[in-house]
2 protein chains.
Amino acid sequence: MHSQVSDLIELLIQEEHSCESIGKAMRELTPDDVALALESIPLAQRTQAWQSIKQANRLDILVEMRGESRQLLLRELDDADIERLFADAEAEDLLEIADSLPDHLVDLALSQMDSKQREYYQQGIVYDDELVGRWMDHDLLIISQSARVSEAMRLLKKETPNYTQMIYLVNRTGRWVGCVSFDKLFKAQSHEPVSSLMDEDCPFILDTTNLIKAAEQLERSGLSALPVVNEHQVLLGRLHAGLALESLRLENEAQQMSTAGLNEESDLFAPVRRSAGTRGIWLGINLLTAFLASSFIGLFEATLQQVVALAVLMPIVASMGGIAGSQTLTLIVRGLALGQITRSNFKSLLLKELKVGGLNGILWAIVIGLITLWWFDNPMLGIVIGLAIIINIIMAAFSGVIIPVLLDTFKIDPALSGSVILTTVTDIAGFVAFLGLGTLLLL
Amino acid sequence: MHSQVSDLIELLIQEEHSCESIGKAMRELTPDDVALALESIPLAQRTQAWQSIKQANRLDILVEMRGESRQLLLRELDDADIERLFADAEAEDLLEIADSLPDHLVDLALSQMDSKQREYYQQGIVYDDELVGRWMDHDLLIISQSARVSEAMRLLKKETPNYTQMIYLVNRTGRWVGCVSFDKLFKAQSHEPVSSLMDEDCPFILDTTNLIKAAEQLERSGLSALPVVNEHQVLLGRLHAGLALESLRLENEAQQMSTAGLNEESDLFAPVRRSAGTRGIWLGINLLTAFLASSFIGLFEATLQQVVALAVLMPIVASMGGIAGSQTLTLIVRGLALGQITRSNFKSLLLKELKVGGLNGILWAIVIGLITLWWFDNPMLGIVIGLAIIINIIMAAFSGVIIPVLLDTFKIDPALSGSVILTTVTDIAGFVAFLGLGTLLLL
């Protein structure tokens, strides 16, 4: 799979390429592979490559592209191109792309859609991007709760969508009442009412559930799809395993990217100015925290001038605190996400982390103290750095527990902002402890 | 769900609790919820809580626990307890736990298993932890390629495991030949041979596929399960959506934990010494890189003594480089994981990142230079830090592309080691550029 994509990348990037060979290479790949290949080449070649894609395949490929890549490509197309693109779009396609399109083009696409699809689109667009309601599937087997097994079997013979092992029963007002598994249908007599086979404990999810939480519920259920209902229990659609797998895969990617302040929709070849701009925000936040830490170093200028070894060693104290703190932070952030951390175990947890910090602090204080002694031949400097390490690692353990718990209390995602705040604290604590002790003990 | 778990945590952590109320709270929860609650309380209470769990539920709960938590609990049990635990264990349970058990207890558990389960265990244990072969499911519908539809329908009526919408066809030697969807069976006549309904392009996966890659293949297939075969095409089992969802969820967690050098199997309340030990490795690696960076600062002791402002500002230069570099690194690591980065686009990519680095470098050099000028009232110092920022951010862009690509060439996972190497480079480059320019221009 990978090698076919890289072959296509190779072909597309060449200055001179025949449209035939590209067409051939593309035919062997799925839309998401072609989308990936397009995202892997510089913008100029990308627009050119787009032209060699058959009209019929373009929409599928566009839907699979990342947000930024899609936006960059759509910018190059005129309204007529876009109109052709949406000639037979489904609700799902437009829901994916709508955010990258100006309103008049969304309206244009909607006007070409059949009424069923338009309804699905309007139903989905009211939900936020990360909610089940936006992305649920409408291809499901529904039957009235008053039907008989024979009718259900007829439905099965007509069509069974993927990820389907159940028929959902609704009442006259469209409310979901339960489900019947194929299993039970196969064994039943054709004149039996389906309601007698119904499982009442059948799990379902609310339309306003977060996709990641919903994927977890699907995993727990042991089923390949779950019905999605609204607050009035009306059956709206379903969440199937394909969508759940996709959500988790993208969440994985989003998490990785967010550690560097990046968006998972980022394009590998976004225009230079645009990239510089989006990355600048994170650099700016970092600059604020860096200047804050520096201002604390500035308090000790006189000391630094007299004992220049302090300047040489101070990054060590700060960085050891940063690492120790982020270990505690990571453990606590996971605990918070899983619902493991409560009022009742908070104190024990804090105490345990302080003990680990204390033990590691003493251990590394000895190691670093001895290395410093050997390097600078100054026992008092060794003691100063050792004490500073102990203070900062304990401080790091304390902050690593307190910061995410506080952020969580204020409903701020601790995974995102926690580590920025934590390293600022450990930087400042490290510099102040080390330079402060240096001022007291070395001057 | 979360609130029920935290209620149980609350109950278990109290000094005085009635076994009845705990029993009641546990009955309402699934084994993984109980496992989570147990992992959320200190070790002393945990062993006590274990006693109030019914024998019949213990194994299920133990299987759901994290590796370290499980090990810590198993240490407290004697051999008779463990023997009782495995009274009716399945292969899957033992595969999950085997790594935490001494060999003689694994043998004991195996001796109690029925022959089918023992065979599955022995088949699974030869595969690494992250391969499909270890965890595949053996509950699948198989029929001979020479069978008729009526036989297939009889099989369906007997049992349909979850995640099943297909019957797999094998030849006489057990080799997988293709699949028939329920869909087609329903529509067929009972005397037709199943082979006439067979889909030959039915996707399958190899037993030696990585679980995460396999989950991706399952997602692409649009099916709720895929057959797993060995290199000789012999049908061994299947990978279903439940397992794929679990793998992605755990991978997500593992990735988050690994950014702090932690293992996803870590226990929130692991004994202090043990925690300090496992975290020490990461602290040790960090210490090496921190001393390395410090040794470069040490080269400029004379300069620092004369211009102490350099000591105050030097962490800023290093950290801006670190942030800019990790942004590039993260983008490239993702690109490598997706197979987006090839020989043919590598140069364009490097060039683009250098341009982004150059632009951001100049922008932030001006900002930082002006702030420095205002703070220290020294224009030359502003110029020195501005130039150092430009050099370090460009260096960071270069390293952010080169380091992961090099690591990947040597088959080292760039996601893990990349950022440690990168920040070491940007620290050193930052200190050397800033203090070096300071020596040249300020003395």
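Please read these numbers as outputs of a predicted model, since none were measured by experiment. Proteins get letters first, then strands, A, B, ... in listed order; numbering begins at 1 in each.
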Residue pair A:Glu216, B:Arg249: steps toward the salt bridge (Lys or Arg N to Asp or Glu O under 4.0 Å) verdict: CA-CA 8 Å; A:Glu216 212 179 304; B:Arg249 181 170 53 81; 5.6 Å; no
Could you give the side-chain donor-acceptor pairs of residues 351-363 of chain B under 3.5 Å, partners two or more places apart or in another chain?
residue, atom, partner, partner atom, Å
B:Lys352, NZ, A:Leu268, O, 2.9
B:Glu353, OE1, A:Arg279, NH1, 2.8
B:Glu353, OE1, A:Arg279, NH2, 3.4
B:Glu353, OE1, B:Thr328, OG1, 2.8
B:Glu353, OE2, A:Arg279, NH2, 2.9
B:Asn360, OD1, B:Trp364, NE1, 3.4
B:Asn360, ND2, A:Ala276, O, 3.4

Part of A:Thr164 lying under 4.5 Å from any heavy atom of chain B: both
Result block: side-chain N/O donor-acceptor pairs under 3.5 angstrom for residues 303-316 of chain A, not counting sequence neighbours:
residue, atom, partner, partner atom, Å
A:Thr303, OG1, A:Thr439, OG1, 2.9

Chain A contact via B:Phe431 - side chain, backbone, both or neither, heavy atoms under 4.5 Å: side chain
A:Ala293, part contacting chain B, at a heavy-atom distance under 4.5 Å: neither
Side chain B:Gln165, main chain A:Pro161, donor-acceptor under 3.5 Å: yes
Matching residue for B:Ser40 among A:Leu338, A:Ile341, A:Thr342, A:Asn345 - test: side-chain contact (heavy atoms from CB on, under 4.5 Å): A:Asn345
Structural part of B:Ser419 lying under 4.5 Å from a heavy atom of chain A: neither
Expected output: side-chain A:Gln340 to main-chain B:Ile9 donor-acceptor under 3.5 Å: no
Region of A:Asp427 in contact with chain B, defined by heavy-atom distances below 4.5 Å: neither
CG-CD1 distance between B:Asn286 and A:Ile323, expressed to the nearest 0.5 angstrom: 4.0 Å
